Structures are given as structure tokens and as C-alpha cells.
Amino acid sequence: IWSFLLNAPNLESAYEHHRRNVAIPTVQSRSDQRVQAVAALMTSWCPLMGAVMFLPKFVAPFVDVYQTKEQDCFESMMAIICKFGSEWFVNYPEAPINVLSAWISMMRHFEDALLKHFQHHRINIELYLWRHLVQNAFSSFFSDSDWLCLWDHILTHRNGPLFLHTVPMAIVSCSKASLMAIHSPG
């Protein structure tokens with residue numbers, strides 16, 4: 001269904017072209033091998049992806065969903081990166097300052113006390129959100145079933161890219177009590 005929602009092109013000849021031109025490293029598990037294969041295909045499609053250190057972490061939960069449907073996963077990842085992640089690479093390898101700034105603005109508007117708490121304790125929450133939530137497609141925060149529901153919402157929301165960027169702020173708001181208990185960046 002996600003391939004359909006993303007308008008994945010189902011271009012078998014293009015997929016086969018990339019598949020022939022990549023060397024997939026041999027790794028221990030079948031799942032890791034599929035992750036490496038999709039990451040290698042992404043790099044063949046766009047050489048910048050080869051420098052994206054978080055790409056395997058981002059791809060991994062999608063590989064688990066698509067399992068052996070490598071072409072569908074590859075095309076869906078291309079669509080997600082193009083539609084939802086284009087702003088992530090504006091000043092790569094640095095974190096996307098425009099996205100981080102938007103999060104700070106949202107926090108200032110909706111959770112000002114929490115933002116002041118983070119600033120007082122020198123906790124760079126926006127970088128934490130970028131590194132520990134977005135870079136793994138939120139899979140570290142949600143159970144498998146909740147993660148699937150989240151991505152169903154992201155992919156079907158009429159403002160999907162904007163909606164994706166509000167997810168970290170929703171997580172912060174829902175986790176406010178726990179986050180207020182943090183007093184050091186470590």
C-alpha cells in the first residue's frame with residue numbers, strides 16, 4: 001500500500017540497472033544484508049546517500065516492512081527521501097538547521113517552559129531529536145505496530161512532509177513530564 005501511496009514508479013529496468021551496479025557487502029544476518037542492499041541501491045541512485053551515515057538506520061525499519069520486496073522498498077525510500085527529506089541535506093553533513101529551527105519555534109510556541117528547562121540545563125533537544133528519532137525514522141521510539149500506524153498517518157496526511165516534522169514535537173509534548181526530570185545533557 002505504501003508504494004501506491006508514494007506513487008512509486010515500479011520501474012523494473014531502472015531498478016535492475018542500479019542492482020547490477022552495486023556491490024552489496026556480505027553481512028551476518030539476512031535482515032542486515034537487505035538493509036545494506038537497499039542502502040547501496042540508494043547510493044547508486046544518488047551518490048550523496050553514500051555519505052549519509054544514518055541511511056542504514058533510516059532504511060532498516062522499512063526493510064523490515066517490505067521484507068523481500070527489495071524494489072518496492074528501494075522505490076519507496078527514494079520517494080520518502082525526495083518528498084519528506086529533501087530539506088535534511090541542505091547543509092549536510094550538519095544537521096538541517098531549518099528543521100531544527102522550526103522545532104525550536106514550535107517548542108517556544110507550544111512548550112515554552114520545557115524549552116526554557118532544556119536551555120537552562122544546556123540540553124540541545126533539537127539535535128537529540130534529529131539524531132535519535134528522525135535518523136531512524138522514529139523506530140527507536142515506537143513499538144512496531146505504533147510505528148506502522150505513524151507512517152500510515154505520515155504517508156496519508158495531506159501535508160505529509162509538514163506532518164512528519166511535527167512528529168518530534170508531538171513526542172516532546174507527550175513526554176513532557178519525563179523530559180522535565182532530565183537535568184544534564186548526558
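What you are looking at is a predicted structure, and each value in this text was computed from that prediction instead of being measured. For reference, positions follow the sequence shown, starting with 1.
- In this structure, the side chains of D64 and S31 come closer than 4.5 Å at one or more pairs of heavy atoms.
- The number of heavy atoms from other shown groups lying within 6.0 Å of CG (D144) does not exceed 12.
- Not one N or O on the side chain of S175 forms a donor-acceptor pair closer than 3.5 Å with the backbone of S178.
- Note that the CD1 atom of I182 and the CG atom of L114 stand 9.0 Å from one another [nearest 0.5 Å].
- Considering every non-hydrogen atom in both V38 and C73, the closest pair reads CG2-SG, 4.0 Å.
- If you take CD on Q71 and OG on S76, they are separated by 10.0 Å, rounding to the nearest 0.5 Å.
- Contact check for V90 versus P96: no side-chain heavy atoms found under the 4.5 Å cut-off.
- M106 and I97 fall into different hydrophobic clusters, defined by Ile, Leu, Val, Met, Phe, Trp and Tyr side-chain heavy atoms under 4.5 Å apart, directly or through other members.
- Taking 4.5 Å as the limit, some side-chain heavy atom of W2 sits within range of a side-chain heavy atom of L148.
- Not counting sequence neighbours, K69 has no partner by the salt bridge (charged side-chain N to carboxylate O under 4.0 Å, His left out) test.
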Would T43 and V22 satisfy side-chain contact (heavy atoms from CB on, under 4.5 Å), going step by step from the backbone distance to the final call? CA-CA 9 Å; T43 299; V22 299; over 6 Å; no
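- The two residues L179 and V172 come nearest to each other via the heavy atoms CD1-O, 3.7 Å.
- The distance from the CD1 atom of I125 to the CG atom of L115 is 10.0 Å, given to the nearest 0.5 Å.
- For K176, the salt bridge (charged side-chain N to carboxylate O under 4.0 Å, His left out) test picks out E111, with sequence neighbours left out.
- The minimum heavy-atom distance between E75 and L11, with the atom names listed, is OE2-N, 2.9 Å.
- Taking 4.5 Å as the limit, every side-chain heavy atom of V134 sits out of range of all side-chain heavy atoms of F84.
- Between the side chain of S101 and the backbone N or O of N98 there is no donor-acceptor pair closer than 3.5 Å.
- Here the side chain of R34 pairs no donor or acceptor atom with the backbone of T68 at under 3.5 angstrom.
- E70 pairs by the salt bridge (charged side-chain N to carboxylate O under 4.0 Å, His left out) definition with R19, not counting sequence neighbours.
- The distance from atom CG of L55 to atom CD1 of I81, rounded to the nearest 0.5 Å, is 6.5 Å.
- Between atom CG of residue L100 and atom CG of residue L127 there is a gap of 5.5 Å, rounded to the nearest 0.5 Å.
- For E126, the salt bridge (charged side-chain N to carboxylate O under 4.0 Å, His left out) criterion is met by no residue, not counting sequence neighbours.
- Among all heavy-atom pairs drawn from P161 and H165, the shortest one is O-CD2, 3.1 Å.
- Between the side chain of S44 and the main chain of A40, no donor-acceptor pair closer than 3.5 Å is present.
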Evaluate the criterion side-chain contact (heavy atoms from CB on, under 4.5 Å) for residue pair L6 and M78; output intermediate values, then yes/no. CA-CA 10 Å; L6 289 164; M78 288 188 328; over 6 Å; no
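- A side-chain donor-acceptor contact under 3.5 Å links Y92 to the backbone of A51.
- Nearest heavy atoms, N136 versus S140: ND2-OG, 3.1 Å.
- Criterion: ILVMFWY side-chain heavy atoms under 4.5 Å apart, direct or through other members. Under it, L162 and I154 are not part of a common hydrophobic cluster.
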Hey, mind stepping through S3 and Y66 against side-chain contact (heavy atoms from CB on, under 4.5 Å) and telling me if it holds? CA-CA 10 Å; S3 295; Y66 284 96; 3.5 Å; yes
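- Evaluation of the ring pair (Phe, Tyr, Trp, His ring centres under 6.0 Å) test over residues 6-27, restricted to residues two or more places apart or in two chains, returns H18-F74.
- You'll find the side chain of L5 stays beyond 4.5 Å of the side chain of W151, heavy atoms only.
- Put simply, NE2 on H120 and NE2 on H183 are 9.0 Å apart, with the number rounded to the nearest 0.5 Å.
- Within the structure, ring pair (Phe, Tyr, Trp, His ring centres under 6.0 Å) pairs that include any residue of residues 35-59 comprise F54-W130, F58-F62, F58-W88 (at least two apart or interchain).
- Under the 4.5 Å side-chain criterion, counting only non-hydrogen atoms from C-beta, L164 is in contact with F138.
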